[in-house]
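Presented below is the structure to which this report refers.
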Amino acid sequence: MILDRLNKKLVEVVKNKAAEKSVEISEEILNQIYFEINDEESHGDYSTSCALKLAKTFSMNPREVAESLVEHLTLPSIKSLAVEGAGFINVYLTSNEKSLLLKEIVKLDSEWGKNEKNKGKILIEFVSSNPTGPLHVGHGRGAILGMALSNLLENSGYKVTKEYYVNDAGRQISILISSILVKAYIKNFNIDGMYEGSYIHELAQEFSKDHGKVDIALKSEELSDDKEKALDQISEYFQTNHANEWEAAKNFSVANILDTIKQELHSFDIVHDNWFHESSLGSIQDSDSDLSKSLSAIEKAGHTFSRDDAIWFRTTEFKDDKDRVLLRENGEPTYYLTDVGYHKNKIDRDYDLCINIFGADHHGYITRLTAAFDVMKSKEQEIEFMLYQLVNLYEDGNKRAMSTRKGEFYSLEELRKELGPDVIKFFFLEKKSDHPMDFDINLAKDESKNNPYFYSQYAHVRCCSILTKKNFDPDIQVDDKEIEKNFDIVNKLLNFPHFLERYTDERSPHSLVHYVKDLSAAFHTFYEQNPVINDEEKIENSRLLLTLATRVVLANSFRILNVKPLEKM
RNA sequence: GCGCCAGUAGCUCAGCUGGAUAGAGCAGUAGCCUUCUAAGCUAUUGGUCGGGGGUUCGAAUCCUCCCUGGCGCGCCA
């Protein structure tokens with residue numbers, strides 16, 4: 001890549017200069033010796049401010065430093081170099097170099113933008129919503145983010161495993177099963193806190209069809225006034241008196257709801273490689289289970305203590321505000337311990353990096369999970385978190401009301417049926433994830449340039465439409481002037497791999513969306529001002545080259561964003 | 001009270017590992033269709049980057065204090 005060559009050369013020249021002057025350049029400054037990509041033609045294709053940073057070390061003024069570096073910065077692809085402003089060095093590439101690079105893009109096609117620089121194994125966990133109901137819009141944001149980030153990471157060489165953690169044990173699941181059994185067998189019985197909604201009704205109906213009549217002796221009058229206690233009493237009742245039905249209902253409902261979730265994710269082209277069940281972590285009684293292994297790992301490291309008959313993890317040693325219980329007074333593991341056990345399992349599967357995508361309301365969890373991870377991990381393993389905030393739906397300028405009378409969030413399925421999956425993906429990815437988002441439904445439905453999704457797709461469609469009429473011919477000469485005329489578009493296309501690298505390192509898929517919008521805008525401008533199909537063969541072929549390269553880059557970007565590029569509209 | 005995230009144009013947001021005049025879209029204003037889809041393009045109006053200090057050649061970007069908003073602070077999951 002041209003930028004890599006430039007940077008290598010620059011560092012070499014700077015080091016020579018330092019040797020000549022017998023001065024030492026600090027590591028910190030050395031890391032700042034590089035060229036940046038310009039988005040404005042006035043400063044050339046690339047520029048560096050390294051002369052300003054080196055001024056002190058070299059005890060010269062910045063412009064002098066720049067001048068002395070420029071003398072030695074010669075490469076065949078460079079047309080000219082200039083020292084401008086306070087001491088910036090600007091590089092102008094030859095237009096012939098640009099033409100050659102564009103031809104390279106076209107040749108590489110879907111490979112353009114990929115790199116193999118990174119070798120690590122990454123586990124990325126996302127969605128992981130409880131199998132107690134359908135996905136809501138907020139889950140959708142996490143799902144879409146996770147998928148795009150996975151694609152970005154894979155694109156730059158990482159080996160990525162996408163995983164969904166299924167909370168198929170614990171109290172919420174018990175309440176779900178109770179809710180279904182109650183709905184199936186008892187009339188007019190309702191406790192605050194039980195799951196509701198049409199899906200519960202349907203599951204109950206289907207379950208009772210398969211399992212015939214069951215006599216239930218449970219009476220609401222006998223339950224505690226405390227609704228939380230009452231919920232547990234119901235679970236207990238079923239588990240002792242109707243153990244078979246309980247087991248059956250559990251398997252049936254979890255499988256069913258999980259299936260619904262999986263289908264919804266599939267309609268967004270989101271596919272996990274692995275569905276990890278909480279129940280597979282085993283029990284604390286089994287010393288070979290992940291649960292037990294994780295607990296003893298922390299104990300062995302000397303970070304636990306006993307208090308009130310519970311076992312605690314001294315997480316305050318890891319900047320947590322309070323210590324955390326791992327094993328409860330009653331001998332049962334806390335939710336925290338199961339999560340620690342899950343992460344022990346991830347560690348043992350030998351990933352270099354574990355990325356967790358969490359709803360921002362779970363951010364309080366980061367410190368304690370990191371603490372456990374750091375205690376249990378081996379060598380250079382790392383953990384990283386990405387948070388996503390709420391999505392507010394707006395329509396006609398008003399916030400759209402919550403979906404159900406229970407104040408639940410809008411379901412993802414409803415939104416998808418209203419808008420289609422791809423526009424939702426594009427909109428969700430456009431905003432930084434760790435920021436609450438206002439989603440404008442009217443805008444998402446709009447089919448004009450106001451809607452960035454359509455605007456970007458339309459650029460791709462225009463490329464395709466031209467290319468069906470005539471295609472770029474590599475055997476016909478290209479007019480370098482035509483290439484040079486279109487700085488914006490060429491600059492974006494040539495540096496695509498660098499941009500992707502940055503977005504990967506920054507974990508910022510939203511930047512890729514902005515890139516796509518910018519490239520689309522540059523292409524629309526080009527389209528209006530440069531009729532591609534043309535009598536001048538060389539000019540036509542040059543414009544076809546630009547069109548084809550744009551189509552390649554837009555398609556590759558859409559692929560990473562997990563959005564299907566349209567060829568016709 | 002403590003912690004995390006944020007406050008940039010009328011609106012929705014980029015820019016934040018410090019760099020050359022703070023960007024885009026919408027909304028506003030003025031233009032462009034016998035020509036590859038006008039589902040588009042061009043020009044233009046609009047900002048003491050929440051406020052005060054500091055660090056330096058240089059701060060929207062780093063540090064610090066304050067103000068405002070969102071979220072979180074269970075032997076729940």
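Letters A, B, ... mirror the listed sequences (proteins, then strands); counts begin at 1.
At a threshold of 4.0 Å, the pair A:E228-A:R171 counts as salt-bridged, since one of the basic side-chain nitrogens sits closer than that to a carboxylate oxygen. A salt bridge links A:D320 to A:R324: at least one charged side-chain nitrogen sits closer than 4.0 Å to a carboxylate oxygen. Electrostatic pairing of A:K485 and A:E482 counts as a salt bridge here, judged by a charged N lying under 4.0 Å from a carboxylate O. The residues A:K425 and A:D422 are annotated as salt-bridged, a charged nitrogen and a carboxylate oxygen being separated by less than 4.0 angstrom.
The side chain of A:R324 contributes no N or O atom lying less than 4.0 Å from OP1 or OP2 of B:C76. Of the side-chain N and O atoms in A:R328, one or more sit less than 4.0 angstrom from OP1 or OP2 of B:A77. Side-chain nitrogen and oxygen atoms of A:K432 include at least one within less than 4.0 Å of the OP1 or OP2 phosphate oxygen of B:G15. Dashed line: the shortest gap from a side-chain N or O of A:T525 to OP1 or OP2 of B:U42 is under 4.0 Å. A sub-4.0 Å separation between OP1 or OP2 of B:G74 and a side-chain N or O of A:K322 is present.
A:F358 places its CZ atom 16 Å from the C1' atom of B:C73, with the value rounded to the nearest Å. Rounded to whole angstrom, the span from the CG atom of A:N38 across to the C1' atom of B:G15 amounts to 15 Å. As a whole-Å value, the separation of A:Q529 CD from B:A38 P is 14 Å. Rounded to a whole Å, the CG atom of A:L390 is 14 Å from the C1' atom of B:G69. Whole-Å rounding puts the A:E36 CD to B:G19 C1' distance at 8 Å. When the P atom of B:U12 is taken as reference, atom CG of A:D446 falls 18 Å away, rounded to whole Å. Here the P atom of nucleotide B:G69 and the CD atom of A:Q389 are 16 Å apart, to the nearest Å. Atoms CG (A:N392) and P (B:G70) sit 12 Å apart, rounded to a whole Å.
Among the atoms of the strands shown, base atoms are found under 4.0 Å from some heavy atom of A:D308. Base engagement by A:N90 is indicated by at least one non-hydrogen atom pair under 4.0 Å involving a base atom. Contacts of A:N530 with the nucleic acid, taken as non-hydrogen atoms under 4.0 Å apart, include base atoms. Among the atoms of the strands shown, none is found under 4.0 Å from any heavy atom of A:A86. Within the 4.0 angstrom heavy-atom criterion, base atoms lie near A:H43. A:E540 comes within 4.0 angstrom of nothing in the nucleic acid, heavy atoms only. A:S49 comes within contact range of at least one nucleobase, with a heavy-atom separation under 4.0 Å. Heavy atoms of A:S47 sit under 4.0 angstrom from at least one base atom. At a threshold of 4.0 angstrom between heavy atoms, the contacts of A:F88 include nucleobase atoms, whether or not backbone atoms are also involved.
Residue order along RNA chain B, read from the 5' end via each residue's closest nucleotide, puts A:M437 first among A:M437 and A:E567. For the pair A:K469 and A:A521, nearest-nucleotide mapping onto RNA chain B gives the more 5' position to A:K469.
Comparing B:G19 with B:A59, their C1' atoms are spaced 10 Å from each other, to the whole Å. Comparing the C1' positions of B:C66 and B:U42 gives an interatomic distance of 46 Å, to the nearest angstrom. Only the P atoms considered, B:A27 is 15 Å distant from B:U12, to the nearest whole Å. A gap of 11 Å separates the P atoms of B:C4 and B:U64, to the nearest Å. One P atom belongs to B:A6, the other to B:A14, and the distance between them is 10 Å to the nearest Å. Separating the P atom of B:U29 from that of B:G23 is a span of 25 Å, rounded to the nearest Å.
Once the 5.5 Å centre distance and the 30° plane angle are applied, the aromatic ring of A:Y455 is found not to be stacked with the base of B:A39. Lacking a ring centre under 5.5 Å from that of the base six-membered ring together with a plane angle below 30°, A:H363 does not count as stacked on B:G72.
Judged by distance alone with a 3.5 Å cut-off, no donor-acceptor contact links the side chain of A:N450 to the base of B:A39. Judged by distance alone, with hydrogens and angles left aside, A:K517 brings no side-chain donor or acceptor close enough to the base of B:G25 to form a pair under 3.5 Å.
In the region residues 329-339 of chain A, proximity to RNA chain B at under 4.0 angstrom, judged on heavy atoms, holds for A:E329, A:Y335.
Using a 30° and 60° split on the angle between ring planes, A:H343 and A:F373 fall in the perpendicular class, above 60°. Taking the six-membered ring for Trp and thresholds of 30 and 60 degrees, A:F526 and A:F523 have ring planes inclined between 30 and 60 degrees apart. Classified by interplanar angle (parallel below 30°, tilted 30° to 60°, perpendicular above 60°), the ring pair A:F313/A:H303 is tilted.
Evaluated for a side chain to side chain contact (heavy atoms under 4.5 Å, CB included) with A:T550, the options A:L554, A:L548, A:T547 yield exactly one hit, A:L554. No option in A:T338, A:D168, A:N167 other than A:D168 meets the side chain to side chain donor-acceptor pair (under 3.5 Å) test with A:S279.
Annotated as anti: B:C11, whose O4'-C1'-N torsion sits more than 90° from 0.
Remark: RNA chain B takes part in the stems B:1-7 with B:67-73, B:10-13 with B:23-26, B:28-32 with B:40-44, B:50-54 with B:62-66, each of 3 or more antiparallel Watson-Crick or G-U pairs, criterion distances under 3.5 Å.
Note that A:R462 lies in the cation-pi zone of A:Y527, set by a 6.0 Å cut-off to the ring centre and a 45° limit from the axis.
Side-chain contact check for A:K470 versus A:L544: some heavy-atom pair is nearer than 4.5 Å.
The environment of A:Q32 atom CD is dense: over 12 non-hydrogen atoms of other residues, nucleotides or ligands sit within 6.0 angstrom.
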